Amino acid sequence: MTNTGETFRCTHERNLLAGMEQLGRKGIPVGCRNGGCGVCKVRVIEGEVDRRKMSRAVIAADEEQEGYALACRIYPRSDLRVDVVGKMARAVEARQVGSNKEI
């Protein structure tokens with residue numbers, strides 16, 4: 001994740017959100033897990049993914065063309081670089097700042 005510099009493994013059988021959850025961080029918010037709520041919005045900067053159906057209310061067609069997707073609805077086909085955006089970004093970045101203060 002470019003927001004935090006963290007890396008993790010996620011096979012093509014698991015969606016990106018499941019891979020992010022493997023980090024074991026409590027700051028990763030999870031919503032419906034079905035592509036409807038938009039909580040897990042990310043932007044794929046590099047790499048290839050398989051996309052599943054997502055609500056147009058949370059990912060517009062033009063956003064999808066710019067690489068935006070819901071982590072619960074994309075499956076990696078290659079190594080990825082992603083930016084976490086929206087509600088999830090605030091939680092992930094806040095957690096990262098908190099972690100830096102504890103070190």
Side-chain angles (χ1 to χ4, degrees):
M1 292 184 290
T2 60
N3 308 57
T4 64
E6 292 173 287
T7 61
F8 56 91
R9 293 188 53 84
C10 184
T11 67
H12 66 277
E13 291 117 13
R14 301 184 80 188
N15 64 46
L16 185 63
L17 181 60
M20 294 169 82
E21 290 177 308
Q22 286 179 12
L23 291 171
R25 298 195 32 243
K26 304 221 185 282
I28 297 175
V30 177
C32 70
R33 297 182 188 266
N34 292 314
C37 73
V39 171
C40 63
K41 194 172 188 178
V42 297
R43 182 173 185 202
V44 178
I45 298 169
E46 288 180 13
E48 298 294 321
V49 296
D50 285 328
R51 295 174 184 265
R52 304 287 161 55
K53 188 174 181 177
M54 296 174 249
S55 170
R56 286 292 178 216
V58 292
I59 299 289
D62 60 331
E63 286 182 306
E64 190 171 356
Q65 292 296 319
E66 294 173 13
Y68 290 93
L70 301 178
C72 69
R73 304 305 289 162
I74 59 174
Y75 294 76
R77 291 178 41 201
S78 70
D79 288 346
L80 302 176
R81 280 189 54 229
V82 298
D83 247 345
V84 179
V85 298
K87 293 176 185 176
M88 185 182 283
R90 287 188 292 273
V92 167
E93 290 167 359
R95 180 73 175 162
Q96 183 71 16
V97 168
S99 294
N100 287 341
K101 288 180 181 176
E102 293 171 9
I103 293 175

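Counting from 1, the numbers follow the sequence of the chain as shown. For clarity, every value in this text was computed on a predicted model and none was experimentally measured.
For the side chain to side chain contact (heavy atoms under 4.5 Å, CB included) test, residues two or more places apart in sequence or in another chain that qualify with Ala69 are Arg51, Met54, Ile74. Every residue two or more places apart in sequence or in another chain was checked for a side chain to side chain contact (heavy atoms under 4.5 Å, CB included) with Thr7, and none qualifies. Residues forming a side chain to side chain donor-acceptor pair (under 3.5 Å) with Arg33 (at least two apart in sequence, or on another chain): Glu21. For Glu66, the side chain to side chain donor-acceptor pair (under 3.5 Å) test picks out no residue, with sequence neighbours left out. Legend: residues meeting salt bridge (charged side-chain N to carboxylate O under 4.0 Å, His left out) with Arg9, ordered by chain and number and at least two apart, are absent.
By the neighbour-count criterion of 12 heavy atoms within 6.0 Å, atom CD of Glu13 is densely surrounded, having more than that number from other residues, nucleotides or ligands.
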Quiz: residues 76-83 side-chain donor-acceptor pairs under 3.5 angstrom, not counting sequence neighbours:
{"residue": "Ser78", "atom": "OG", "partner": "Glu48", "partner atom": "N", "Å": "2.8"}
{"residue": "Arg81", "atom": "NH1", "partner": "Glu46", "partner atom": "OE2", "Å": "3.0"}
{"residue": "Asp83", "atom": "OD1", "partner": "Thr2", "partner atom": "OG1", "Å": "2.1"}

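A continuous path of ILVMFWY side-chain contacts below 4.5 Å connects Val42 to Val49, so both sit in one hydrophobic cluster. In this structure, Ile45 is not a member of the same hydrophobic cluster as Leu70, with clusters built from ILVMFWY side-chain heavy atoms closer than 4.5 Å.
Using a distance-only test at 3.5 Å, with no hydrogens or angles considered, no donor-acceptor pair links the side chain of Asn34 to the main chain of Gly36.
Looking at Arg56 and Glu64, a side-chain N of the basic residue comes within less than 4.0 Å of a carboxylate O on the acidic one, giving a salt bridge.
Distance check, rounded to the nearest 0.5 Å: CD1 of Ile59 to CZ of Arg73 gives 12.0 Å.
Here the closest heavy-atom approach between residue Cys10 and residue Leu16 is recorded as SG-CA, 4.0 Å. Of all heavy-atom pairs between Tyr75 and Arg52, the closest is CE1-NH1, 2.7 Å.
Using a 4.5 Å cut-off on side-chain heavy atoms (C-beta onward), Asp62 and Gln65 make no contact. Counting heavy atoms from C-beta on, the side chains of Val58 and Tyr68 never come closer than 4.5 Å.
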